[in-house]
Amino acid sequence: MQFFIDTGDVDEIREAQSLGILDGVTTNPSLIARTGRTHKEVIVEICEIVDGPVSVEVNAEDYEGMLAEAEEFVTWGDNAIIKVPLTKDGLKACKALTDRGVGVNVTLCFSANQALLAAKAGATYISPFVGRLDDIGQDGMNLIAEIVEVYANYPWIDTQILVASVRHPMHVHQSAQLGADVATLPFKVIDQMFKHPLTDIGLAKFAADAKKVPTS
Ligand code: E4P
């Protein structure tokens with residue numbers, strides 16, 4: 001399973017990168033707004049930090065506007081890919097961009113049918129939002145299971161399932177159990193995944209015992 005980080009904060013990205021577990025980055029307009037910097041400035045810096053794909057989300061809602069933004073965004077870094085919403089215009093833009101060899105992440109997916117449409121439009125990644133479904137009392141992980149099952153029925157589908165809106169470590173291991181390709185994680189979740197109380201207790205015990213033994 002690949003791990004992307006879901007943030008516009010370059011310090012978080014540098015730290016995750018230094019851990020050696022980072023495969024890519026996803027951003028969105030809300031995450032970029034939190035940085036207080038320009039969109040271009042943030043994305044150019046992120047693309048320099050990581051080798052993997054960096055999803056850059058369009059702000060336009062119409063097909064022509066999305067393509068115009070995409071044309072600029074791909075100049076911000078060799079690893080920039082375009083994130084479009086799961087709308088008719090978004091999927092038209094997805095098809096046009098993937099036909100030109102540009103990677104596309106289709107975002108704001110909340111149903112298996114939407115995921116099928118994105119696959120038909122040639123999406124590189126489909127981003128189902130598990131946390132936002134949980135927020136309204138639906139089971140976000142159930143959507144991942146449905147998409148995994150549906151995509152497995154059709155060998156021609158090469159769209160990768162990118163689990164988004166991840167809120168806690170359980171979302172990650174359940175996604176891995178289901179065979180999702182990627183999870184995009186807030187830095188807090190990456191941090192939580194490292195932690196286990198028995199690791200801390202075991203380390204303290206080893207450290208205490210090591211003090212009783214001469215090195216040579
Ligand atoms: C995905 O690419 C989105 O940026 C993100 O995961 C949305 O998460 P949220 O529901 O926590 O805002």
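The figures that follow rest on heavy atoms only: side chains count, while hydrogens, waters and symmetry mates do not. Both counts, for ligands and for their atoms, begin at 1 and track the order of listing.
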* Does a donor on one side chain sit under 3.5 Å from an acceptor on the other, for R100 and T98? -> no

* To do: Can you run down the side chain to side chain donor-acceptor pair (under 3.5 Å) pairs that involve residues 78-96, sequence neighbours left out, and say none if there aren't any?
  => K95-D99

* Structure fact -> So OH of Y151 and CG of D181: to nearest 0.5 Å the spacing works out to 9.5 Å

* Nearest-0.5 Å distance, CD of residue Q192 to CZ of residue F194 -> 12.5 Å

* Asked: So which residues, sorted by chain and number, lie with a heavy atom under 4.0 Å of ligand 1?
  -> D6, T26, N28, K83, F129, R132, A164, S165, R167

* Of all residues at least two apart in sequence or in a different chain, which pass the side chain to side chain donor-acceptor pair (under 3.5 Å) check with T27? -> none

* Asked: Could you give all pairs that pass the ring-ring contact (aromatic ring centres under 6.0 Å, His included) test and reach residues 72-101, with sequence neighbours left out?
  -> H39-F73, H39-W76, F73-W76

